[in-house]
Protein chains: 2
Amino acid sequence: MPLSQTEENYLKAVYKIAESDQGSVSTNAIAKMMSTSAASVTDMIKRLSEKGYVDYVKYYGVELTTLGKTAATILIRKHRLWETFLVSQLDFSWEEVHDIAEQLEHIQSKELIERLDKYLGFPKFDPHGDPIPNTEGKFTLRNQTILADMAIGEQGQVIAVKIHDTPFLQHLNQIGIQINTPLRIVSKQDYDQSTTVLVEDSEILLSHKVASQILLKKTS
Amino acid sequence: MPLSQTEENYLKAVYKIAESDQGSVSTNAIAKMMSTSAASVTDMIKRLSEKGYVDYVKYYGVELTTLGKTAATILIRKHRLWETFLVSQLDFSWEEVHDIAEQLEHIQSKELIERLDKYLGFPKFDPHGDPIPNTEGKFTLRNQTILADMAIGEQGQVIAVKIHDTPFLQHLNQIGIQINTPLRIVSKQDYDQSTTVLVEDSEILLSHKVASQILLKKTS
DNA sequence: TAATATTTTTAGATTAGCCTAAAAATATCT
DNA sequence: AGATATTTTTAGGCTAATCTAAAAATATTA
Ligand SMILES: [Mn+2]
Ligand SMILES: [Mn+2]
Ligand SMILES: [Mn+2]
Ligand SMILES: [Mn+2]
């Protein structure tokens with residue numbers, strides 16, 4: 001019996017939460033991420049536990065089993081390959097593709113995703129700079145620094161953004177930041193943790209909120 | 001409120017049944033096409049009627065409203081565009097794509113389908129020779145004759161097949177018939193209504209079952 | 001440690017979509 | 001026409017996924 005779309009979405013949420021906050025994942029965190037009630041989460045987690053996708057200890061939390069991790073990784077692979085397709089083939093821009101990929105990621109066909117991967121030239125990263133796991137579920141790792149953590153004078157190139165919602169990406173479009181944009185840290189304001197960066201001869205002020213979502217490869 | 005996948009599938013079924021057997025569509029016919037119970041059909045048809053997608057008269061039958069026809073046509077457009085994508089871009093063969101397109105047709109994004117259409121060069125027919133409705137819902141019409149109805153000596157070129165299940169299409173692959181195959185009617189056997197056709201110097205015997213599913217453009 | 005606050009689970013209800021079995025309506029046949 | 005067969009609807013029930021409200025467990029704070 002294949003997983004329902006809903007079950008898949010829960011697994012992905014658990015995966016994503018575990019990725020940032022390590023350790024076991026709380027019911028409430030899942031509820032927040034999925035915009036649903038904690039009661040619904042408890043319900044679904046029980047079912048996923050029955051089916052062997054998560055380890056679940058009442059009042060303690062949830063962890064993905066190997067089976068669950070595999071399922072989540074396949075879903076992420078599909079999501080990121082579809083996003084890549086939408087941008088590289090259909091000329092969507094990076095702020096338009098996430099919601100469509102949320103639907104496409106649930107299409108069930110191993111053959112389809114392998115052919116799509118080949119068609120796209122086995123891309124390693126998606127339009128937001130996120131690594132695309134390969135058929136075996138392996139992610140390409142690379143050194144990356146959060147812009148907000150860089151020191152004055154350091155240079156780098158944007159390689160990824162941590163969030164993918166449309167307003168944030170539109171904001172980056174507006175101030176002229178995209179994947180591969182080279183920049184240098186000009187100054188950092190202690191008062192509000194904002195950062196001024198130099199991008200192509202123009203200085204841009206980035207709030208901490210924004211600067212902490214941008215990942216760079218240092219080039220200095 | 002958008003239609004659910006299930007509701008979309010019912011509308012498509014009604015559309016397809018009305019296309020062949022004209023007049024209003026019976027509950028039983030829908031049940032057979034959807035492999036579900038007549039009781040479930042009655043249930044769903046009531047709901048679609050509430051929502052204005054079908055006209056429904058108890059014990060008499062179902063007809064699509066303009067709204068319902070539009071929805072069904074969009075679904076068919078999506079199905080056929082995706083099938084075209086799978087064959088022309090991802091090198092699937094015609095017998096592999098129907099089931100995947102059954103899933104892809106439910107992706108909700110007007111922009112996506114318009115871009116896909118453009119990407120594919122605004123194709124007029126899908127891999128099975130079925131016409132793809134354009135953005136306005138218009139189908140390209142053309143003269144076509146059922147192979148089984150052609151007379152001895154007549155020639156033609158295969159332009160479409162009426163059914164799309166894998167075993168039938170694999171059978172056609174095996175005997176060397178595909179879209180655009182030119183052929184001539186050599187003889188017709190009264191006893192079992194079978195037809196012998198000439199395809200590239202070799203004679204092929206087609207049962208009535210097969211010959212009545214193949215559409216040709218006459219070239220003689 | 002005891003009181004209070006937060007998190008999590010349970011209980012009970014709702015909706016979509018499906019089922020089987022029985023009842024009602026319509027169609028067919030003698 | 002009357003009997004029989006078929007089709008369609010109704011009735012009642014099931015599961016997945018959701019919700020709100022209440023209860024239980026855990027965490028925090030005085
Ligand atoms: Mn999803
Ligand atoms: Mn992405
Ligand atoms: Mn479908
Ligand atoms: Mn087709």
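Below, chain A is the first sequence line, B the second, and so on; all start at residue 1.
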Select base, sugar-phosphate, or nothing to describe what [X] touches, counting heavy atoms under 4.0 Å on all strands.
{"X": "B:Lys46", "result": "sugar-phosphate"}
{"X": "B:Tyr60", "result": "nothing"}
{"X": "A:Ser40", "result": "base"}
{"X": "B:Thr27", "result": "sugar-phosphate"}

Reckon [X] has a side-chain N or O less than 4.0 Å from the OP1 or OP2 of [N]?
{"X": "B:Ser4", "N": "C:dG17", "value": "yes"}
{"X": "A:Ser26", "N": "C:dT7", "value": "no"}
{"X": "B:Asn28", "N": "D:dT6", "value": "no"}
{"X": "B:Arg47", "N": "C:dT15", "value": "no"}

Check whether the side chains of [X] and [Y] place a donor and an acceptor atom closer than 3.5 Å, and report yes or no.
{"X": "B:His128", "Y": "B:His98", "answer": "no"}
{"X": "A:Ser40", "Y": "A:Ser37", "answer": "yes"}
{"X": "B:Glu8", "Y": "B:Thr6", "answer": "no"}
{"X": "A:Thr65", "Y": "A:Glu63", "answer": "no"}
{"X": "A:Glu114", "Y": "A:Thr135", "answer": "yes"}
{"X": "A:His79", "Y": "A:Asp130", "answer": "no"}
{"X": "A:Glu95", "Y": "A:Thr166", "answer": "no"}

Pairs: protein N or O with nucleotides 26-28 of chain C N or O, under 3.5 Å:
none

What do you reckon, are the aromatic ring centroids of B:Tyr15 and B:Tyr10 less than 6.0 Å apart?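 No; B:Tyr10 has its ring centre 6.0 Å or more from that of B:Tyr15.
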
I want to confirm an ordering. Mapping B:Ala29 and A:Glu7 to their closest nucleotides on DNA chain D, which one lands closer to the 5' end?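 Here B:Ala29 is the residue nearer the 5' end.
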
Non-neighbouring partners of A:Asp43 that pass salt bridge (charged side-chain N to carboxylate O under 4.0 Å, His left out), sequence neighbours left out: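 Checked A:Asp43 against salt bridge (charged side-chain N to carboxylate O under 4.0 Å, His left out); matches are A:Arg47.
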
Can you establish whether the number of heavy atoms outside A:Lys217 located under 6.0 Å from its atom NZ is more than 12?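 12 or below, so no.
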
Atom [atom1] of [X] to atom [atom2] of [N]: distance rounded to whole Å?
{"X": "B:Ile30", "N": "C:dC18", "atom1": "CD1", "atom2": "P", "result": "13 Å"}
{"X": "B:Lys51", "N": "C:dT15", "atom1": "NZ", "atom2": "P", "result": "13 Å"}
{"X": "A:Met44", "N": "C:dT9", "atom1": "CE", "atom2": "C1'", "result": "17 Å"}
{"X": "A:Glu50", "N": "D:dA16", "atom1": "CD", "atom2": "P", "result": "11 Å"}
{"X": "B:Ile45", "N": "D:dT10", "atom1": "CD1", "atom2": "C1'", "result": "16 Å"}

Any protein N or O atoms within reach of nucleotides 12-15 of chain D? Criterion: under 3.5 Å, listing atom names and distances.
none

What's the closest nucleotide to the side chain of A:Ala39 if the choices are C:dT8, D:dC19, C:dC19?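 Nearest nucleotide to the side chain: D:dC19.
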
Where the side chain of B:Ser37 is defined as all heavy atoms beyond and including C-beta, which of C:dT9, D:dA17, C:dC19 is the nearest nucleotide?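 For B:Ser37, the side-chain atoms sit closest to C:dC19.
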
